[in-house]
Q: 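Structure provided below as structure tokens; questions to follow.
First the proteins, then the strands, lettered A, B, ... as listed; each starts at 1. Keep in mind the model is a prediction, meaning the values are calculated, not measured. The figures here come from the full heavy-atom set of this structure, side chains too, leaving out hydrogens, waters and symmetry mates.
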Number of protein chains: 2
Amino acid sequence: MRMTSQREIILEELKNTDTHPTVDELYFKVKKRLPRISLATVYRNLEKMSELGIIQKIETVGSQMRFDGNPEFHYHIRCIYCGKIDDLPIRPIESLKDSRNVSLDGDLKNYKLVGFKLEFLGVCPECQNKQKQ
Amino acid sequence: MRMTSQREIILEELKNTDTHPTVDELYFKVKKRLPRISLATVYRNLEKMSELGIIQKIETVGSQMRFDGNPEFHYHIRCIYCGKIDDLPIRPIESLKDSRNVSLDGDLKNYKLVGFKLEFLGVCPECQNKQKQ
DNA sequence: TTAAATGCAAAAAGTTTGCACACGC
DNA sequence: GCGTGTGCAAACTTTTTGCATTTAA
């Protein structure tokens, strides 16, 4: 992978964010430093870097893709009102690590189980405040 | 909710399917019986019926929405190659039912936890066969 | 030097919306 | 008859792609 200034700055801006930005959000941040960058470049770079395991693509339900500058496995919590995603500093749930735990009283419909995706849902502090008003 | 023939037939076709169709797939099935129906009507009806809890919207990552004629809670498994979704006849994982189990060594970042979404990933029988060839 | 990356614009894919008309209750 | 629902077309949002040009190694 060739290191271009675009790639470098995209990665830098992603790592400097503790939110998990959408492509668009990141595009506007990067654009402040590289005004001529195109959205397609941001898409292409995020895709490639997540394939290489440098960053992590967070495929949340429904809405847009988001990216996480931290490639290590960890859980996420998503706000059901605003869609924001935060890291969840909990340890991986052991009972799920072993797929045998989940197939005790049923077959897997002939699927070969390769993993699972666990996402937590909640209400973020900001949206809790809005509800109170 | 008013019962129109469109609504009735959409629901009937969804219930008669053991796959978990996308809106488009269902649209073409319904179209065989109601040739003049529009895609917008299918969208509007599926949305409304899932709001009312008559059916279930399956919000899988990345791709399109899919719908399930069975409103009861159950787990799904998604094929990582073709995106197909099947029901998984396993019982709900008890350890996840109690949110206290997941917050033992970390806080929840001030989120109010409301639930979780657990989806299994696998390779469906058809895609396993394709791989062998 | 040359293959990979970029910018731009257009296309694609999925979903939503405005509006006039139709129809269930 | 009223108000919800429908069909149609157009708009919208997010993501991808073709192509000529630029650039890192």
Q: Treating Ile, Leu, Val, Met, Phe, Trp and Tyr as nodes and any side-chain heavy-atom pair under 4.5 angstrom as an edge, say whether A/Y43 and A/I58 lie in one connected cluster.
A: no
Q: At a heavy-atom distance below 4.0 Å, what parts of residues 37-51 of chain A sit against DNA chain D?
A: A/L39, A/A40, A/Y43, A/R44
Q: Looking only at side-chain N and O atoms, does A/R7 come under 4.0 Å of OP1 or OP2 in C/dA5?
A: yes
Q: Quick one: B/F67 CZ to C/dG14 P, roughly how many Å, whole number?
A: 14 Å
Q: Do the side-chain N or O atoms of B/T4 get closer than 4.0 angstrom to the phosphate oxygens (OP1, OP2) of D/dT6?
A: yes
Q: Please give, in whole Å, the distance from D/dT15 C1' to A/K57 NZ?
A: 10 Å
Q: Parallel, tilted or perpendicular for A/Y75 and A/F120, by the 30°/60° rule?
A: perpendicular
Q: Return the 5'-most residue of the pair B/M3, A/Q6 with respect to DNA chain C, ranking by each residue's nearest nucleotide.
A: A/Q6
Q: Testing B/K31, B/K29, B/E25 for side chain to side chain donor-acceptor pair (under 3.5 Å) with B/Y27, which one passes?
A: B/K31
Q: Between B/V30 and B/L46, is there shared hydrophobic-cluster membership here, with clusters defined by ILVMFWY side-chain heavy atoms closer than 4.5 Å?
A: yes
Q: Sort out for me which residue in A/L118, A/I85, A/D86, A/L88 forms a side chain to side chain contact (heavy atoms under 4.5 Å, CB included) with A/H76.
A: A/I85
Q: Donor-acceptor pair under 3.5 Å: do we get one between A/R2's side chain and the base of C/dA5?
A: no
Q: Are B/V42 and B/M65 linked, directly or through intermediate hydrophobic residues, by side-chain heavy-atom contacts shorter than 4.5 Å (ILVMFWY only)?
A: yes
Q: Whole angstroms only, please: what is the CG-C1' distance between A/D24 and D/dT16?
A: 15 Å
Q: Rounded to whole Å, please give me the gap between CZ in A/R66 and P in D/dT15.
A: 11 Å
